[in-house]
Amino acid sequence: MTDTAAAAPKKLFLLDAFALIYRSHFAFSKNPRINSKGLNTGAVLGFTNTLVEVLQKERPTHIGVCFDAGKTFRHEQFPAYKAQRQAMPEDIGTAIPYIKQIIEAFHIPILMMAGYEADDVIGTLAQRAEAQGFEVFMMTPDKDYCQLVTERIKIYKPAFMGNAAEILDVAHVLARFEVERVEQVIDILGLQGDASDNIPGIPGIGEKTAKTLIQKYGSVENLLAHVDELKGKQQENVRNFAEQGLLSKELATIHVNVPLDFEADKLVLDAPDEARLRELFDELEFRQLAARVLSEGPPRTPASVAKPGTTGARRPKPVAGGQASLFGNPGDEAVAIGAEEGETGHDGAPAGARRRLEDVPYQYHLMDTPARRQSLLHFLLRQTEVSFDTETTGLDTMTARLVGLSFCYRPGEAYYVPVPADDLPTAQAIVDEFCPFFSSPDILKIGQNIKYDLSILKHYKVEVAGPLFDTMLAHYLIEPDMRHNMDVLAETYLHYAPVPITDLIGPKGKKQITMADIAPAQVKDYACEDADVTLQLKHVFEPMLKELGLLELLNTVENPLVPVLSSIEYEGVRIDSVAMGEYSAELQGYVQELEAQIFTEAGQEFNIGSPKQLGEVLFDKMDIGRGKIKKTKTGQYATGEEILSQLAAENPIAALILEYRQLSKLRSTYVEALPQLVSVVDGRVHTNFNQAVTATGRLSSTNPNLQNIPIRTEKGREIRKAFVPRDDQHLLLAADYSQVELRIMADFSGDATMIEAFRQGIDVHSSTASKVFRVPLSEVDAEMRRKAKTVNFGIIYGISAFGLAQRIGISRKEATDIIDTYFQEFPSVKQFMDDSINRARELEYAETLLKRRRYLRDINSRNATLRGYTERNAINAPIQGTAADIIKLAMINIYHWLREEKLKTRMILQVHDELVFDAVQEEVAYITPKIKELMTQALLLPRGVPLEVEVGTGRNWLQAH
DNA sequence: CGCCTCACG
DNA sequence: ACGTACGTGAGGCGC
């Protein structure tokens with residue numbers, strides 16, 4: 001105790017290692033991080049990130065990390081304690097030595113005490129440190145620690161999954177557990193138990209009841225003393241399990257009497273051993289972390305770069321000799337390369353070695369003369385596959401101008417053709433020179449997000465022909481729920497960090513500079529690198545796809561769909577902006593009227609659009625909705641549709657708010673926004689279809705999203721009237737699959753009853769209603785059909801009684817009965833659901849008819865919620881994904897047919913089970929049956945359940961239905 | 001930038 | 001005992 005008086009506040013951080021490690025591990029379980037040696041590094045990375053974050057942001061003066069050590073006294077008290085917890089996952093077992101080494105390299109002491117758990121050690125040290133004037137932060141995600149919180153001992157919940165870090169003080173704890181004193185946390189925990197720790201609690205008492213009882217009786221002991229005041233089953237349970245309740249409280253108590261001294265000087269934060277950290281990060285391949293944490297430090301030793309199979313050095317050697325013949329004058333190229341390398345490369349870059357161009361030999365050439373371009377074209381035409389990339393002035397294909405083209409057909413060697421962005425005729429002429437290449441039907445064109453390049457070239461009148469290979473889509477099939485940026489792909493699969501685009505054009509800002517502002521010689525390296533990396537990625541992905549059985553899906557569906565989507569986007573949709581403007585004014589009138597009424601009802605003015613203000617007005621000021629009040633996970637009042645609908649019976653304000661919400665949504669999201677996205681170039685709206693976003697294989701649409709244009713309500717539907725054909729010679733034609741997903745499920749399950757209904761063309765929802773409610777088909781009324789329809793959807797989503805009950809407003813019991821009857825009537829469907837889950841448990845993925853995969857790595861999780869969610873995905877993903885496969889094939893076939901027949905009708909939208917066409921009136925009669933045929937025959941289901949398509953036409957999208 | 005709410009299939 | 005139907009994207013709010 002030799003504290004220097006008036007020193008800076010002493011901040012002690014105590015980390016609960018295992019709790020943090022487990023959490024990190026499961027955070028990455030969806031997308032495991034595997035390094036090139038096959039090591040799952042998620043837990044190590046997560047833990048280290050957390051540690052680094054706290055060191056950098058919180059600047060502790062003292063710190064220690066606690067690990068559990070073996071069995072504890074709790075096991076002796078209660079043998080089942082934590083018994084059901086599964087053995088430690090293997091990946092965590094291998095992670096721990098690394099984590100300990102990292103902690104040691106940070107020079108942070110590891111604290112353990114045989115026979116005690118980390119929480120006891122942390123609790124004890126925390127209290128002793130507090131007594132010595134420390135401010136203590138217990139770093140853990142575990143809520144049990146709440147019982148230890150005092151004025152100067154707090155919980156530091158590290159940032160997690162997008163949630164910011166959180167410091168829990170006394171006020172937080174009291175609010176969270178709804179108790180008066182912190183000690184009562186133990187009573188709550190003891191009463192309600194903890195399934196994951198096998199703390200039994202008292203049967204029938206969960207979080208809610210525990211809170212109510214402790215609020216009333218103050219403690220478990222006092223509750224037991226007044227057990228006769230309780231009623232019915234509850235009294236019986238509390239009486240019978242009194243002892244278990246006391247034991248549970250004991251088990252939940254953190255013991256702060258561990259025989260352990262708090263020696264402050266041993267926990268003083270010290271400088272880390274950077275060299276050792278660098279070694280560890282290198283081995284683990286934590287490049288970004290290393291860049292963030294370590295000062296620039298010594299450059300990598302040549303050995304570490306050259307070590308085969310580790311980082312870098314993956315690129316082939318430059319091709320010697322021979323190629324010189326490509327250049328009329330090869331000498332000047334070499335000079336250019338040498339000159340730039342010194343400038344951009346090397347470890348002088350901020351934040352350590354990100355860029356690694358200098359590690360590997362490459363030859364990137366500037367092709368800026370007619371002779372060089374001719375020479376390049378000559379070589380391109382002799383290749384069977386070439387990767388290419390476009391450099392442009394922006395991301396919007398409607399307005400972006402071409403700045404240059406890069407090509408690569410041999411790893412490590414690429415060519416950049418600059419194009420004057422502001423001189424359209426010259427640019428066009430240069431692009432035309434490469435037309436023989438782009439239109440060659442034999443050369444495989446490889447690109448990363450190649451739809452973008454196709455769309456750019458389309459504006460230069462180039463129709464890219466021949467087979468395509470998109471590395472983004474390749475990776476989308478390999479890892480559907482990851483991201484597919486080229487930078488990340490290069491880092492993951494080539495162990496190579498490309499030049500960030502911001503090195504050239506800077507961060508996003510007001511005065512955005514573009515590629516056109518950069519000297520071609522500088523753009524060259526960036527552009528060539530993209531083409532080069534793309535080619536190399538193709539060579540990595542192709543064997544992987546083959547191995548996974550995904551190559552055919554890529555080559556027959558995803559890659560051929562690219563030009564189709566490019567065309568759809570290029571064509572665009574005509575929007576009647578005048579009609580939109582009128583409707584906007586009309587909606588605005590309604591909205592203002594509603595606003596006035598709401599203010600009158602509320603007796604005050606406030607921002608109705610703010611859920612926070614709305615909740616306060618409704619539930620605090622007006623005090624309505626007693627008993628129906630719910631809070632969101634962030635502690636705010638929930639004011640969603642579901643709650644407000646319930647409130648509508650009690651107070652007229654609820655219905656007004658719902659209507660206000662609906663109309664202002666329509667106005668802001670659609671009626672106001674859409675006209676602003678009409679292109680000045682052609683007066684049409686060009687959406688962007690993303691082909692590599694959804695986990696199931698569907699497309700998504702952005703900027704604007706044209707896949708969620710209203711239709712379900714009357715005022716929403718109006719908006720569709722403003723989607724119109726391009727001119728008087730055209731009509732909109734809409735072709736919808738009817739109940740594709742249900743048909744797919746009927747087919748996959750082989751359920752005879754359901755298949756028969758589809759074969760005979762009976763309305764499936766009515767048919768389901770007749771079975772589920774056990775009435776003849778003729779007696780099915782609208783209400784029964786509505787419920788059956790919800791049941792049918794529920795089945796596809798992986799039904800739960802709770803979900804069904806909520807949606808059709810019945811009790812859980814009734815919902816359970818309906819589901820039971822359903823499974824009795826459709827036993828094969830039940831079988832199908834079970835089979836889907838079991839299959840997914842084995843494979844850890846689900847697949848569609850065309851073998852598209854969705855990985856379900858949590859299907860064997862011991863977290864029941866997560867597992868349930870994943871099981872529902874095991875049922876839904878093959879169905880939703882197969883429907884996506886089918887419409888994609890139909891789109892490809894229709895696109896080619898329209899072209900072959902030289903028809904002028906154009907496909908302009910896809911909305912998951914619907915295709916919309918801008919149809920020439922004279923062509924409608926001819927194309928209608930063919931579109932139907934191509935859609936229904938796109939893919940035959942294994943058991944032959946037929947697909948059906950409804951086609952309609954009209955002067956607008958609403959009429960076309 | 002995360003949260004809430006709500007538009008679609 | 002737990003938390004609860006699948007998949008998306010966008011706008012407004014409030015930090």
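Letters go in sequence order (proteins before strands), and every chain restarts at 1.
Atom CG in A:Leu804 sits about 15 Å away from atom C1' in C:dC6, given to the nearest Å. A straight line from CE of A:Met833 to P of C:dA5 spans 14 Å, rounded to a whole angstrom. In this structure, A:Ile719 atom CD1 and B:dA7 atom P are separated by 10 Å, rounded to whole Å. In this structure, CD of A:Glu166 is placed 16 Å from P of C:dC15, rounded to the nearest angstrom. Between A:Ile711 atom CD1 and B:dG9 atom P the separation is 6 Å, expressed in whole Å. Rounded to an integer number of Å, the gap from A:Tyr670 OH to B:dA7 C1' is 3 Å. We find that CD of A:Glu871 is positioned 19 Å from P of C:dC2, with the value rounded to whole Å. If you measure from atom NE2 of A:His912 to atom P of C:dC6, you get 16 Å, rounded to the nearest angstrom.
Residue A:Thr865 has its side chain nearest to C:dG3 when only C:dG3, C:dA5, B:dA7 are considered. For A:Asn705, counting side-chain heavy atoms from C-beta on, the closest listed nucleotide (B:dG9, C:dA10, C:dG3) is C:dA10. Closest to the A:Ser800 side chain, of the nucleotides C:dG11, C:dA5, B:dG9, is C:dA5. The side chain of A:Arg661 sits closest to B:dT5 out of C:dA5, B:dT5, C:dG9. Distance from the side chain of A:Lys665 is smallest for C:dG9 among the nucleotides C:dG9, C:dA5, C:dG7. In this structure, the nucleotide among B:dC8, C:dA10, C:dT4 sitting nearest to the side chain of A:Arg720 is B:dC8. For A:Thr634, whose side chain is taken as the heavy atoms from C-beta onward, the closest listed nucleotide among B:dC4, C:dG7, C:dG9 is B:dC4. Comparing C:dT8, C:dG7, C:dT4 by their nearest atom to the side chain of A:Val693 picks out C:dT8.
No contact: A:Gly868 has no heavy atom under 4.0 Å from any strand. Nucleic acid contact class of A:Ala877 (heavy atoms, under 4.0 Å, all strands): none. Residue-level contact check: A:Ile796 touches neither bases nor backbone, having no heavy atom under 4.0 Å from any strand. Nucleic acid contact class of A:Leu614 (heavy atoms, under 4.0 Å, all strands): none. Contacts of A:Arg867 with the nucleic acid, taken as non-hydrogen atoms under 4.0 Å apart, are absent. Counting non-hydrogen atoms under 4.0 angstrom, A:Thr870 reaches nothing in the nucleic acid. If you check every strand for non-hydrogen atoms under 4.0 Å, A:Gly204 touches sugar and phosphate atoms only. Residue A:Ser664 is out of contact with every strand shown, counting any heavy-atom pair closer than 4.0 Å. Using a 4.0 Å heavy-atom cutoff across all strands shown, A:Ala801 reaches no nucleic acid atom at all. Residue contacts for A:Gln636: at a heavy-atom cut-off of 4.0 Å it reaches no nucleic acid atom on any strand shown.
Put simply, A:Arg698 has no side-chain N or O that comes within less than 4.0 Å of OP1 or OP2 on B:dG9. The side chain of A:Asn607 contributes an N or O atom lying less than 4.0 Å from OP1 or OP2 of C:dC13. OP1 or OP2 of C:dG14 sits under 4.0 Å from a side-chain N or O of A:Gln613. One finds no side-chain N or O of A:Tyr797 lying less than 4.0 angstrom from the OP1 or OP2 phosphate oxygen of B:dG9. Contact between the side-chain N/O atoms of A:Arg854 and the OP1/OP2 oxygens of C:dG7 is found at a separation under 4.0 Å. The side chain of A:Asn873 contributes an N or O atom lying less than 4.0 Å from OP1 or OP2 of C:dG7. Distances shorter than 4.0 Å separate none of the side-chain N or O atoms of A:Thr639 from OP1 or OP2 on B:dC4. In this model, the phosphate group of B:dG9 is approached by a side-chain N or O of A:Arg712 to a distance below 4.0 Å at OP1 or OP2. OP1 and OP2 of C:dG7 both lie 4.0 Å or more from every side-chain N or O belonging to A:Thr694. Close to C:dG14, at under 4.0 Å from its OP1 or OP2, lies a side-chain N or O of A:Ser610.
In terms of polar N and O atoms assigned as donor or acceptor, the side chain of A:Lys612 never comes within less than 3.5 Å of the base of C:dC13 in a complementary pairing. Side-chain atoms of A:Arg872 and base atoms of C:dG7 include no donor and acceptor less than 3.5 Å apart. With hydrogens and angles ignored, a donor-acceptor pair closer than 3.5 Å exists between the side chain of A:Arg807 and the base of C:dA5. Remark: the A:Glu641 side chain and the B:dC6 base include no donor-acceptor N/O pair separated by less than 3.5 Å.
With both ends at atom P, the span from C:dG3 to B:dC8 equals 30 Å, rounded to whole Å. With both ends at atom P, the span from B:dT5 to C:dT4 equals 14 Å, rounded to whole Å. Nucleotides C:dA5 and B:dC4 have their P atoms positioned 16 Å apart, rounded to a whole Å.
For the residue pair A:Ser701 and A:Thr687, a side-chain donor N or O sits within less than 3.5 Å of a side-chain acceptor on the partner. In the model, A:Glu53 has no side-chain atom that pairs as donor or acceptor with a side-chain atom of A:Asn49 under 3.5 Å.
Look at A:Arg717 and A:Glu714 and you find no salt bridge, because none of the NZ, NE, NH1 or NH2 atoms lies under 4.0 Å from a carboxylate O. Taking a cutoff of 4.0 Å between a charged side-chain nitrogen and a carboxylate oxygen, A:Arg852 and A:Asp885 qualify as a salt bridge. One finds no salt bridge joining A:Arg857 and A:Glu844 here, because no Lys/Arg side-chain nitrogen approaches an Asp/Glu carboxylate oxygen to under 4.0 Å. The existence of a salt bridge linking A:Arg743 and A:Asp747 is excluded, since no basic side-chain nitrogen approaches an acidic carboxylate oxygen closer than 4.0 Å.
Other residues, nucleotides and ligands contribute over 12 non-hydrogen atoms within 6.0 Å of the CZ atom of A:Arg841.
Both A:Gln806 and A:Gln192 lie close to DNA chain C; mapped to their nearest nucleotides by heavy-atom distance, the more 5′-ward contact belongs to A:Gln192. Looking at which nucleotide of DNA chain C each of A:Val791 and A:Leu677 is closest to, the 5′-most match is held by A:Val791.
Using the six-membered ring where Trp is involved, A:Phe793 and A:His765 have ring planes that are tilted, between 30° and 60° apart.
C:dA1 makes up no base pair with any nucleotide shown, lacking Watson-Crick or G-U wobble contacts both under 3.5 Å.
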A:Arg661 and A:Glu641: salt bridge (charged side-chain N to carboxylate O under 4.0 Å, His left out), yes or no, with the steps?
CA-CA 9 Å; A:Arg661 282 245 183 95; A:Glu641 218 263 336; over 6 Å; no

